[in-house]
Amino acid sequence: MEEIFVTEFSIENTGWKTISKTDILKEIYFQLNDVKLLDVIINSSIPKNLDILINKFNEKSFFIDFELLNRNEKIYFSILTNKNIDSFKIETRIKNISDIQIRDYIAKPDLYKLPSFYFTIIFIFFIFLCYFLIKSKSELRKNSFYFFKKFKTRL
């Protein structure tokens, strides 16, 4: 059994214009390098009722097609491969859209799952505790010194 790697992608319409099927002059084409494409899975979409079609072209490429993608609508999908995807190419041509961006995000673990998060919380608590202890101790010294001073002046 071969090892399976999962890489998550999203397609988002961050512009102001709606993208319809007729606006797509060249389908969204993904070309993977140095890996074998096992499967492409639609994870979710916003809104949930988007019509999305994936056509696997061969073991290294596939097309994604959709009927309509309004502003702020998104498609989330995963690519299953036999190795980690180091490089890939995306080609498309969409009418009236000149700026198609590819952004690479590294998955970051949840903050609460990191040991450093708990260490930071404990450290901050310790700093506040020390501050209040020192402040209250200096207030005690101040008060006792003041009392002592008053007592001395009475003699």
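Counting from 1, the numbers follow the sequence of the chain as shown.
By the criterion of side-chain heavy atoms lying less than 4.5 angstrom apart, applied directly or through intervening Ile, Leu, Val, Met, Phe, Trp or Tyr residues, Ile24 is not grouped with Leu53; the two fall into different hydrophobic clusters. One hydrophobic cluster, built from ILVMFWY side chains closer than 4.5 Å, holds both Ile85 and Ile90.
Considering only residues two or more places apart in sequence or on other chains, Tyr29 meets the ring-ring contact (aromatic ring centres under 6.0 Å, His included) condition with Phe63. Listed by chain and number, the residues in a side chain to side chain donor-acceptor pair (under 3.5 Å) with Ser87 are Asn33 (sequence neighbours excluded). Taking the side-chain contact (heavy atoms from CB on, under 4.5 Å) definition, one finds that Lys89 meets it with Gln31, Glu91, sequence neighbours left out. Asp65 is linked by a salt bridge (charged side-chain N to carboxylate O under 4.0 Å, His left out) to Lys21, counting only residues two or more places apart in sequence or in another chain. In this structure, the side-chain contact (heavy atoms from CB on, under 4.5 Å) partners of Thr18, at least two apart in sequence or on a different chain, are Leu68, Asn70. Shown here are the side-chain contact (heavy atoms from CB on, under 4.5 Å) partners of Ile52, two or more places apart in sequence or in another chain: Ile42, Ser45, Leu50, Ile64, Ile75. Remark: Asn72 pairs with no residue by the side chain to side chain donor-acceptor pair (under 3.5 Å) rule, at least two apart or across chains. Every residue meeting the side-chain contact (heavy atoms from CB on, under 4.5 Å) condition with Phe128, not counting sequence neighbours, appears here in chain and number order: Ile124, Phe132.
Looking only at side-chain heavy atoms (C-beta outward), Ile11 and Phe77 come within less than 4.5 Å of each other. Under the 4.5 Å side-chain criterion, counting only non-hydrogen atoms from C-beta, Leu80 is not in contact with Val40. Using a 4.5 Å heavy-atom cutoff, the side chains of Ser20 and Glu67 are not in contact. Side chains of Phe30 and Leu37 form no contact here, defined as non-hydrogen atoms less than 4.5 Å apart.
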_Between Ile94 and Ile19, is the side chain to side chain contact (heavy atoms under 4.5 Å, CB included) condition met? List the steps._
CA-CA 8 Å; Ile94 301 173; Ile19 302 171; 3.9 Å; yes

*Taking it one step at a time, do Phe62 and Ile79 satisfy side chain to side chain contact (heavy atoms under 4.5 Å, CB included)?*
CA-CA 10 Å; Phe62 64 95; Ile79 300 175; 3.5 Å; yes

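Summarising the hydrophobic clusters (Ile, Leu, Val, Met, Phe, Trp, Tyr; side-chain heavy atoms under 4.5 Å, direct or chained), the residues clustered with Trp16 are none. Ile127 belongs to a hydrophobic cluster with Phe123, counting contacts under 4.5 Å between side-chain heavy atoms of Ile, Leu, Val, Met, Phe, Trp and Tyr, direct or through other members. The other residues sharing a hydrophobic cluster with Tyr76 are Ile46, where clustering joins ILVMFWY side chains under 4.5 Å apart.
If you take CG on Asn43 and OG on Ser78, they are separated by 3.5 Å, rounding to the nearest 0.5 Å. The NZ atom of Lys74 sits 9.5 Å away from atom OG1 of Thr14, with the distance rounded to the nearest 0.5 Å.
For Arg71, the CZ atom is densely surrounded, since the number of other residues' heavy atoms within 6.0 Å is greater than 12. For NZ of Lys56, the number of neighbouring non-hydrogen atoms (other residues, nucleotides, ligands) closer than 6.0 Å is greater than 12.
Judged by distance alone, the side chain of Asn82 and the main-chain N or O of Val35 form no donor-acceptor pair under 3.5 Å. Side-chain atoms of Lys36 do not come within 3.5 Å of backbone N or O of Thr81 as any donor-acceptor pair.
Residue pairs satisfying the ring pair (Phe, Tyr, Trp, His ring centres under 6.0 Å) criterion with at least one member in residues 79-99, sequence neighbours excluded, are listed as follows: Phe9-Phe88.
Minimum heavy-atom separation, Lys95 to Thr22: CE-O, 4.2 Å.
Judged purely by distance below 3.5 Å, without hydrogens or angles, the side chains of Ser10 and Glu12 pair a donor atom with an acceptor atom.
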